[in-house]
Amino acid sequence: MVFDYYASGAEDQWTLAENRNAFSRILFRPRILIDVSKIDMTTTVLGFKISMPIMIAPTAMQKMAHPEGEYATARAASAAGTIMTLSSWATSSVEEVASTGPGIRFFQLYVYKDRHVVAQLVRRAERAGFKAIALTVDTPRLGRREADIKNRFTLPPYLTLKNFEGLDLGKMDKSNDSGLASYVAGQIDRSLSWKDVKWLQTITKLPILVKGVLTAEDARLAVQAGAAGIIVSNHGARQLDYVPATILALEEVVKAAQGRVPVFLDGGVRRGTDVFKALALGASGVFFGRPVLYSLAAEGEAGVRKVLQMLREEFELTMALSGCRSLNEITRNHVVTDWDLPHPRPLPRL
Ligand code: FNR
């Protein structure tokens with residue numbers, strides 16, 4: 001049941017496969033005979049310096065993977081010098097995660113119908129030292145995740161959605177289908193709209209990243225609404241099936257943002273080559289989700305450290321073999337995509 005919840009996508013899971021497959025249709029144009037004896041992967045996100053453009057996406061209920069859950073992820077991210085995004089639906093609270101020690105952390109927000117709950121939570125995140133809000137905008141209702149429906153997925157009774165414990169919203173009832181889908185239907189505000197992005201700015205000074213943008217139109221609206229950044233995301237293919245892979249949606253969003261705000265990507269990032277491709281197509285950095293959960297399940301904090309290290313090493317190698325010594329040397333000319341070709345012809349499959 002837990003593995004299905006972590007791994008699965010919505011409906012036919014077409015987008016789930018496509019999030020991966022689309023990366024394999026982008027090839028490199030590496031440059032040679034460049035001195036790559038020194039590689040600098042550091043970057044700055046919303047003014048915060050991090051060791052690499054690889055960050056941790058918010059994923060709910062990490063204590064189902066390992067008893068240390070979000071604590072382990074927070075410590076591993078901090079040790080790797082990168083950013084962890086804590087889910088609203090974490091099984092550890094903002095205060096608990098903050099107590100694991102220093103680290104740059106973002107807080108992912110789901111907007112509840114009860115705006116007092118939201119305002120209180122945002123204030124707590126701010127007080128606990130979180131540096132930005134990632135506002136998830138692709139979930140007015142939960143996507144149809146058939147594995148969860150079949151399993152009647154619900155939060156195990158020994159765990160709580162810790163951020164909501166004191167608000168009587170920390171538990172999830174069992175239901176005849178997905179307990180999470182019922183929880184969302186009961187609590188999450190379906191009427192959320194762009195004016196709420198503005199409202200959020202009246203209750204917090206934290207920068208807001210709009211998570212779940214897939215089109216140029218919405219990228220422009222996000223900028224107009226005062227977003228500090230955009231995350232191109234299809235929620236790990238768990239919401240609307242048959243949306244494009246995020247790596248295919250990235251370029252139109254980057255163009256529409258016109259450099260006014262940074263654009264990030266999540267979805268299907270599994271290799272250092274994927275990170276490079278996203279940066280070449282204009283992303284300022286990437287987030288990844290499921291591999292963190294799997295490594296957490298396997299080995300707790302050590303596992304998450306390891307997966308971050310693996311991605312880091314692969315990305316460094318990709319940079320070296322492409323002739324890039326720093327992130328700003330990664331350009332659009334370092335990759336070729338099937339939409340670059342005047343007459344579409346199949347690219348060789350990797
Ligand atoms: C998620 N994701 C997610 N997003 C969000 O905004 N709030 C959340 O609580 C969760 N929870 C969650 C749980 C699980 C099990 C998964 C797999 C995903 C989506 C997540 O932030 C991110 O968009 C995707 O996970 C990125 O895709 P990959 O890296 O998993 O392919």
Side-chain angles (χ1 to χ4, degrees), residues 36 38-58 73-86 97-98 101-109 125-126 128-135 201 204-211 213 219 222-223 226-233 246-247 250-251 253-267 269 272 274-289 292 305 308-309 311-320 322 324-332 334:
V36 290
K38 287 202 183 70
I39 302 274
D40 178 10
M41 288 181 284
T42 60
T43 188
T44 301
V45 169
L46 302 179
F48 298 98
K49 188 147 192 203
I50 53 174
S51 66
M52 56 180 177
I54 303 166
M55 298 166 278
I56 296 186
T73 306
R75 289 195 190 105
S78 166
T82 193
I83 292 166
M84 170 203 187
T85 316
L86 183 72
V97 169
I104 302 156
R105 302 184 185 108
F106 294 169
F107 180 69
Q108 177 270 328
L109 183 69
E126 214 166 307
F130 284 71
K131 303 294 185 210
I133 301 287
L135 174 68
Q201 290 163 73
T204 180
K205 291 263 175 301
L206 292 179
I208 295 165
L209 300 172
V210 177
K211 175 177 183 282
V213 172
V223 173
I230 291 171
I231 305 177
V232 174
S233 172
T246 48
I247 193 68
L250 175 64
E251 234 180 351
V253 172
V254 167
K255 282 190 183 133
Q258 295 183 310
R260 289 160 71 185
V261 298
V263 176
F264 304 94
L265 169 137
D266 74 28
V269 174
D274 302 333
V275 180
F276 187 103
K277 289 171 183 179
L279 267 60
L281 294 176
S284 295
V286 302
F287 293 84
F288 69 129
V292 173
R305 281 179 186 238
L308 285 165
Q309 184 61 20
L311 259 187
R312 180 186 174 82
E313 283 170 8
E314 287 184 11
F315 178 54
E316 185 180 36
L317 181 63
T318 308
M319 284 180 71
S322 308
C324 297
R325 293 162 296 196
S326 65
L327 302 190
N328 56 23
E329 288 187 354
I330 300 175
T331 69
R332 185 61 174 82
H334 286 93

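Everything quoted here is computed from the prediction, not taken from an experiment. Here, residue 1 is the first one in the sequence, and each next residue gets the next number. Heavy-atom basis, side chains included; hydrogens, waters and symmetry copies ignored.
A distance of 11.0 Å separates CZ of Phe107 from OG1 of Thr204, quoted to the nearest 0.5 Å. Between the CZ atom of Arg75 and the CE atom of Met84 there is a distance of 11.0 Å, given to the nearest 0.5 Å. In this structure, Met55 CE and Ile104 CD1 are separated by 10.5 Å, a value rounded to the nearest 0.5 Å. The CD1 atom of Ile247 sits 8.5 Å away from the NZ atom of Lys277 when rounded to the nearest 0.5 Å. Residue Phe130 holds its CZ atom at 12.0 Å from CD1 of Ile83, rounded to the nearest 0.5 Å.
The shortest distance between side-chain heavy atoms of Leu279 and Leu327 falls below 4.5 Å. In this structure, the side chains of Phe288 and Ile54 come closer than 4.5 Å at one or more pairs of heavy atoms. Annotation: side chain of Pro53 is in contact with side chain of Phe315 (closest heavy-atom distance under 4.5 Å). Using a 4.5 Å heavy-atom cutoff, the side chains of Leu308 and Ile56 are in contact. The side-chain heavy atoms of Leu46 and Lys131, taken from C-beta on, include no pair separated by under 4.5 Å.
The salt bridge (Lys or Arg N to Asp or Glu O under 4.0 Å) search around Arg332 returns Glu251, Asp340, not counting sequence neighbours.
Using a 3.5 Å distance cut-off with no hydrogens or angles, the side chains of Ser233 and Asp266 do pair a donor with an acceptor.
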